[in-house]
Amino acid sequence: MAYEEPITDYDEIVENCTCAFCGCNCDDLDYLVKDGHVVGVRHACRLGASKIMEDMDQRLIVPMVRDDNGELKEVDWDTALDKAAEYIANSIRPVMYGWSETSTECMKEGLALGEYIGAVLDNQATICHGPSLQAVQNAGYPIQTLGEVQNRADVCVYSGSNAMNSHPRHLARYSVFCRGFFRSRGRFDRTVVTMDPKFTDTAKMSDKWIGFEQNGDYGFYNAIRAVLKGKELSQDVISGIPKEDIYELVEEMKNAEFGVLFFGLGLTHTLSKQRNIDIAIKMVQDLNKFSKWGLTPMRGHFNVNGFNIFMAFETGFPFGVDFARGYARYVLGETNTIDLLTRGEPDVFLVIAADPGAHFPNKANQHLAKIPVIQIDIHWGPSTELADVVLPGSFIGVECGGTSYRMDGVLIFMKKAIDKPETCRDDEWIVRELKERVMKLRKEPNVAPEYIPNPAAQ
Amino acid sequence: MKTITFKQKKTSSIALEFDELIPDEIYTWGESDFNKYEVPIGNSRFPLTDYFDIKVEGEAESPDEVKMIINGDLNRVKYIGCKMSGGEILCNSSVDLHVGAEMSGGTIIVDGNAAAHAGREMSGGYLEIKGNTKEFTGASYIGEWRGMTGGEIIVHGNAGKQCGECLSGGKITVLGNCDILAGIHMSKGVMEIQGDVNRWPGGQMKNGTIVINGKLGRLLEGFVFDEVVDNPDIEGKVYDGRFIKYTGDIGLNGKGTLLINADVNRDKLGEYGESDDEYTSIREYRNL
């Protein structure tokens, strides 16, 4: 890595800002501001810093509407909002997707709009930690805060997660290298185990690497549970791991003073999906008979957890909530964005603070290309190429304030550091405006009327 | 006996929801009632007669006297027979999600494939699918520990992932193959699989019986070898042949029974008896 000169040319330092990149929500950042722009970031990882020091060449500045020739044309806010409201008000199967990189206050407006027009509200959990949320509904949530991990944990297990690459400050700030009240020597007081088919960067810095075979997660965790119940393993090798290694690992886990299992998409999106997490939760519950153990999902976007907590609080369901019939419904494989798009159902798609054009499967994007797409975002991306209406929002935690939930469920306020571009609006304002304009076009909520049962059948 | 025949006029890209069109609701309906009825599609309702021609013949005093025949392409018609308690539904096509979900009685015959969630949480009745099914056949909804509690499901083709998840009663028969985690979290009832099973049947099962006549890919460590049994009798049905019997899942202190055909799965016999005298009988069997 080339040496970079420290940044000394700045006007002011804004202290104690919160990072708007990953689920760690590091809230100890200092922004170096010059001429109303962030020119440097102290304490952040390279991922967070590069996002915060945004590239103004790619910044969406003014609202745009796609014309008859298929070109995006700059328009005023009223024209863009009216066009978007018209699409939403006349839709039969609207989907409102994203929300993970915006504030919880904006979600509140989004929920009101979605409920009014009978939309499906979904977030990035549908392509990342959705299986974790389903498993939590079945098996419970033995979670702890990251503060507890920092102060107490002596065994940290990363399963299907390469935190060194995806959450670079996680190990430094919360789990491995940091010093805690009961772990005064930091890394020397902790044992790190990585369970991953790949020898990742996290595995390289671990004390132990369990490289079980791909898709072998469920069988491997089942074997651990069997050993915890006192069973002798009958097979010599389970999911690619010799049984002696499993006995050794189980002993280490049983003897932990405070153990934590961090799991990522390597666990949620292999063969058994939510059942992988289900059995991991059960394993943690089993381990609590011997020691103190907890687990935490390694959430990706800074407020992806916020949407799930907010929706679960408001509707009872964490993501993929369908209001089409006037009440909340949530069915795996039916009300999730990818399933809906690949089935070709949605007729309007509102994407806020997400980039489905970059992340969705080809078939889903093919359907997005056929229907009106409304984008609320700060950067030009593949989704902009699919969008029919583009509404430039603002950068939470940099250009405007808002609340978010860290990966362990701790609520964090993200303060404003600089002013947003004059022609941009807050996400919350945009969604509220859309709601009010849709309500003017539709005097009554647009949901399927309630069915009156056959009196003879009562 | 009342026969109601649905003949499709046009299809919809957004799924029609048929949960209100079950014998329990429509046994008193005449053609004029169907002409007035609007079916939920997305966030709206549209006249059913835009999509189907409906012919009603005969009279019915109760839902049991209703026979619904649905003709056409039903790949975008979901919740067929959902929560029905009596009568008969015959679908002459592949069907969409939730066919027979939460049904408590009556009969549904699908002359084609079924999408996911077929017969989820059904408590009674008979569901026959002449093609394949996708995921979660006879399973539970998310967050619920009790899946199917009664009745019978027969799948003539293959079944997708987690068939019989949280099975708590009744019987599921799959005449084809099964994908992973068949009978996961099962606590009661019987699952019979005539074909092969990919891997890990019965994960975290507490009770109940899974019979596998075909080849088993991988077995979980949570299952403990019990014995080799000849012609086992499971709830009155005798399965011909020799079966290896396992008990599990011990991770949950489970007492479920997993029977796999010994002739087809000779490699599984080979995992025992190599060094331990306890399994002499198996070794002898293997040497035969």
Side-chain angles (χ1 to χ4, degrees), chain A residues 91-94 117-119 133-134 137-138 215-216 218-231 233-235 238-239 243 246 271-275 278-279 282-283 286 317 323-326 330-334 343-347 445-449 451 453-457, chain B residues 13-15 17 19-20 23-29 33 38 40-46 63 76 78 96-98 115-117 120 134-136 140-145 161-162 165-166 180-181 184-185 198-200 203-204 218-225 248-253 271-272:
Chain A
S91 60
I92 296 171
R93 198 73 170 129
I117 57 156
L133 299 163
Q134 290 149 17
Q137 276 181 277
N138 266 20
N215 291 327
Y218 193 89
F220 175 72
Y221 279 106
N222 189 274
I224 291 182
R225 289 197 73 195
V227 174
L228 284 168
K229 293 280 176 185
K231 191 205 166 192
L233 298 174
S234 59
Q235 299 168 46
I238 295 112
S239 297
K243 64 178 178 183
I246 293 179
L271 196 61
S272 312
K273 297 221 168 183
Q274 76 269 37
R275 291 302 173 197
D278 176 20
I279 200 163
K282 294 279 179 191
M283 182 195 76
D286 288 347
F317 304 117
F323 289 102
R325 298 278 289 266
Y330 160 66
V331 182
L332 180 62
E334 183 188 355
R343 284 162 60 88
E345 289 204 24
D347 56 352
N446 188 22
V447 294
Y451 170 67
N454 179 10
Chain B
S13 60
I14 304 171
E17 299 186 13
D19 54 323
E20 292 158 0
D24 305 61
E25 289 291 340
I26 62 173
Y27 71 91
T28 56
W29 288 17
D33 297 305
E38 293 187 325
I41 301 175
N43 61 12
S44 306
R45 281 179 182 268
F46 293 91
R76 283 291 177 272
K78 59 188 181 184
D96 205 357
L97 302 152
H98 301 284
H117 308 305
R120 272 185 95 155
K134 286 196 175 173
E135 300 84 0
F136 307 115
S140 66
Y141 285 98
I142 304 159
E144 176 58 59
W145 282 115
K161 279 183 184 179
Q162 299 182 33
E165 180 192 65
C166 301
I180 60 158
L181 296 170
I184 182 173
H185 284 294
N198 187 340
R199 54 168 94 171
W200 304 327
Q204 300 183 74
R218 281 193 197 180
L219 182 66
L220 288 165
E221 272 294 330
F223 284 87
V224 182
F225 170 78
D249 182 334
I250 61 158
L252 231 80
N253 291 329
E271 286 170 13
Y272 308 104

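Each chain gets a letter, A, B and so on, in the order the sequences are listed, and its residues count up from 1.
The candidate with the highest count of non-hydrogen atom pairs below 4.5 Å against chain A, out of B/Lys161, B/Glu144, B/Gln162, is B/Gln162. Looking only at heavy-atom pairs under 4.5 Å with chain A, the residue among B/Ile14, B/Asn253, B/Leu252 that has the most is B/Ile14. The greatest number of non-hydrogen atom pairs below 4.5 Å with chain A, out of B/Arg199, B/Glu38, B/Lys134, B/Arg76, is found for B/Arg76. With chain B as the partner, the residue from A/Asp286, A/Leu271, A/Ile238, A/Asp347 showing the most heavy-atom pairs under 4.5 Å is A/Leu271. Of the listed residues A/Ile117, A/Val331, A/Val227, the one with more heavy-atom pairs under 4.5 angstrom with chain B than any other is A/Val331.
Between B/Trp200 and A/Ser272 there is a side-chain heavy-atom pair separated by less than 4.5 Å. Annotation: side chain of B/Glu165 is not in contact with side chain of A/Asn138 (no heavy-atom distance under 4.5 Å).
With a 4.5 angstrom heavy-atom cutoff, B/Leu220 touches chain A via backbone and side-chain atoms both. Looking at B/Asp33, neither its backbone nor its side chain comes within 4.5 Å of chain A, counting heavy atoms on both sides. No part of B/Ala115 comes within reach of chain A, as not one of its non-hydrogen atoms sits under 4.5 angstrom from that chain. Neither the backbone nor the side chain of A/Ile224 comes within contact range of chain B; no heavy atom of the residue lies under 4.5 Å from a heavy atom of that chain. For a residue to count as touching a neighbouring chain, one of its non-hydrogen atoms must lie under 4.5 Å from one of that chain's; by this rule B/Asn198 does not touch chain A. Neither the backbone nor the side chain of B/Glu135 comes within contact range of chain A; no heavy atoms are under 4.5 Å apart.
A donor atom on one side chain and an acceptor atom on the other are not found under 3.5 Å apart for A/Glu334 and B/His117. Using a 3.5 Å distance cut-off with no hydrogens or angles, the side chains of A/Tyr218 and B/Gln204 do pair a donor with an acceptor. In summary, the side chains of B/His185 and A/Asp278 do present a donor paired with an acceptor at a separation below 3.5 Å, with no hydrogens or angles considered.
When every heavy atom of B/Gly251 is checked against every heavy atom of A/Arg225, the shortest pair comes out as O-NH2, 3.0 Å. Across B/Ile41 and A/Ile92, no two heavy atoms sit closer than the pair O-CG2, 3.4 Å. In plain terms, the two heavy atoms of B/Gly42 and A/Ala324 that are nearest each other are O-CB, 3.3 Å. The nearest pair of heavy atoms linking B/Gly222 to A/Asn222 is N-OD1, 2.8 Å.
The CD atom of B/Glu221 sits 9.0 Å away from the OG atom of A/Ser239 when rounded to the nearest 0.5 Å. Annotation: the span from A/Asn215 atom CG to B/Ile180 atom CD1 amounts to 8.0 Å, rounded to 0.5 Å. For the atom pair CD1 (B/Ile250) and NZ (A/Lys229), the distance works out to 9.0 Å, reported to the nearest 0.5 Å.
The pair B/Asp249-A/Lys282 does not meet the salt-bridge criterion, since no charged nitrogen lies less than 4.0 angstrom from a carboxylate oxygen.
At distances below 3.5 Å, not a single donor-acceptor pair connects side-chain atoms of B/Asn43 with backbone N or O atoms of A/Ala119. Side chain of A/Arg93 to backbone of B/Ala15: no donor-acceptor contact under 3.5 angstrom is found.
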